[in-house]
Amino acid sequence: MAQSQNTPVTGTPRRDEALRESVRRTLAIEAKGLAALSATVEGELGDAIERATGLIEGARGRVIVTGMGKSGHIGRKIAATLASTGTPALFLHAAEASHGDLGMVTPDDVLLAISWSGETAELGDVVHYARRFDVPLLAITSNTESTLGRAADTVLVLPRVEEACPNGLAPTTSTLMQLAIGDALAVALLERRGFSASDFRVFHPGGKLGARLLKVSDLMHQGPEMPLVTFGTPMSDVLIEITGKRFGCCGVVDGAGKLAGIVTDGDLRRHMGGELLAQPVESVMTRSPLVVQPDALASAALGQMNRRPVPVTVVFAVADDAPVGILHIHDILRAGVV
């Protein structure tokens, strides 16, 4: 088998310093671009973002993001980020817009057009449509005097900076700044709306992110599934309740229906003897058991269970000290919460 170019005969990988220097140079150039972008927030860009967020917040429709080429790819991501953080948005391909997709756009919407030069030919029909039907038009561009810049109601001006491409041709730093300003706009809108983790989960029900946002109430067993007995119940009946509900434990409620204790296999071992079955449950139970709130994150409940001196596998969810559900560690793990 032929040796890799970067692997000597000894098998020890050889550092490619030229490649590493290229990576460092690219990251440094792009970091300078972001720094230049951040600096403009104190002036014209900050004012433009305030106007843009106001337009979007006041719109009854959606944010329609459009662009071509690399700017179009960035536009897709910006639209996706807006939509997932509480701002209804979709992406309109600038070329397809001229062939019927302008029907997606209504006067209730806000158009966000992205073009580094501001002279992207395919955006011409989109701009014309926006002006003809009085659709608010926002632009992300580096050229305020371009066709797009002059037509837009508000221009988010990107500073002219060096591209990381050594030929100065491939969009690199410029598209990174487009993406960054889109993220900044989405986060600003998110924060102004008070968009919470619970709201976020509505739009992210799947995958690891959705699992991380699951609440105890999403996973807990309720009603007759809960193993519960009242004060005075003999341990013989408690064992039947534990066996029938299959959680390996039983909650104990007082006369007011509040959770007063729990009986676990550890309690059974500690009180094992000839008189165990005849004893009332309150003489065997562990008082003040670990509990969680039903609106707590399941990941937080898992952390509480693992942090106990002796880790527990089951926890009751309570509301006003009354049990409303029971959660087993297996329920959390099956849901993908880690």
Side-chain angles (χ1 to χ4, degrees), residues 26 28-56 63-79 81-82 89 91-98 102 105 109-186 188-189:
T26 296
I29 291 171
E30 294 195 340
K32 286 174 61 178
L34 289 179
L37 179 65
S38 180
T40 64
V41 175
E42 298 303 320
E44 182 180 354
L45 180 60
D47 296 338
I49 289 179
E50 288 187 27
R51 294 192 298 271
T53 54
L55 271 174
I56 293 171
V63 178
I64 312 296
V65 187
T66 187
M68 278 296 295
K70 303 300 185 294
S71 295
H73 292 306
I74 296 298
R76 287 185 186 276
K77 196 277 179 183
I78 292 174
T81 300
L82 287 167
F91 177 75
L92 171 65
H93 193 287
E96 295 294 344
S98 301
L102 279 171
V105 186
D109 299 325
V110 174
L111 270 163
L112 173 59
I114 307 172
S115 170
W116 177 253
S117 68
E119 298 294 348
T120 303
E122 291 86 351
L123 286 174
D125 288 338
V126 177
V127 172
H128 176 71
Y129 185 91
R131 300 302 69 175
R132 178 183 176 188
F133 294 101
D134 200 26
V135 180
L137 177 62
L138 307 176
I140 297 178
T141 181
S142 67
N143 187 1
T144 56
E145 296 305 313
S146 63
T147 301
L148 176 61
R150 291 195 304 271
D153 297 297
T154 294
V155 181
L156 280 65
V157 185
L158 303 179
R160 291 179 175 273
V161 295
E162 179 186 4
E163 296 283 14
C165 168
N167 299 315
L169 298 174
T172 46
T173 313
S174 57
T175 48
L176 178 64
M177 290 194 300
Q178 291 173 347
L179 181 61
I181 203 63
D183 285 343
L185 188 60
L189 289 162

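Every value quoted in this text rests on a predicted model; they were computed, and no experiment measured them.
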Do [X] and [Y] touch side chain to side chain, with heavy atoms closer than 4.5 Å?
X: T141; Y: S146; result: yes
X: I49; Y: I181; result: yes
X: T172; Y: L176; result: no
X: R51; Y: L138; result: no
X: E163; Y: S174; result: yes
X: I64; Y: V126; result: no

If you round to the nearest 0.5 Å, how far is [atom2] of [Y] from [atom1] of [X]?
X: M68; Y: L123; atom1: CE; atom2: CG; answer: 8.0 Å
X: L112; Y: L156; atom1: CG; atom2: CG; answer: 7.5 Å
X: Q178; Y: H73; atom1: CD; atom2: NE2; answer: 12.0 Å
X: L82; Y: D183; atom1: CG; atom2: CG; answer: 9.0 Å
X: T81; Y: R76; atom1: OG1; atom2: CZ; answer: 13.5 Å

Shortest non-hydrogen contact from [X] to [Y]?
X: A139; Y: L148; result: CB-CG, 3.7 Å
X: W116; Y: S142; result: O-OG, 2.6 Å
X: L55; Y: P136; result: CD2-CB, 4.2 Å
X: S115; Y: S71; result: CA-OG, 4.2 Å
X: I78; Y: G182; result: CD1-CA, 3.7 Å
X: T175; Y: I74; result: O-CD1, 3.7 Å

Checklist entry - Hey, is NZ on K70 packed in by over 12 heavy atoms from elsewhere, all under 6.0 Å? => result no
Item to check | Donor-acceptor pair, side chain of T66 and main chain of L92, under 3.5 angstrom | outcome: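 It does hold such a pair.
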Checklist entry - Given V155, which of L137, T144, N143, I140 fulfils the side-chain contact (heavy atoms from CB on, under 4.5 Å) condition? => result T144
Checklist entry - Considering the options V63, V105, V127, which one meets the side-chain contact (heavy atoms from CB on, under 4.5 Å) requirement together with L111? => result V105
Next on the checklist: Check the orientation of F91 and H93. Use parallel for under 30°, tilted for 30 to 60°, and perpendicular for over 60°.
Outcome noted: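 Taking H93 first and then F91, their aromatic rings stand perpendicular (interplane angle over 60°).
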Would you be so kind as to tabulate the donor-acceptor pairs closer than 3.5 Å made by side chains of residues 30-46, with sequence neighbours excluded?
residue, atom, partner, partner atom, Å
T40, OG1, L37, O, 2.7

Next on the checklist: Listing request: all salt bridge (Lys or Arg N to Asp or Glu O under 4.0 Å) pairs with a residue in residues 121-139, at least two apart in sequence or in separate chains.
Outcome noted: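 Every pair satisfying salt bridge (Lys or Arg N to Asp or Glu O under 4.0 Å) with a residue in residues 121-139: R131-D153.
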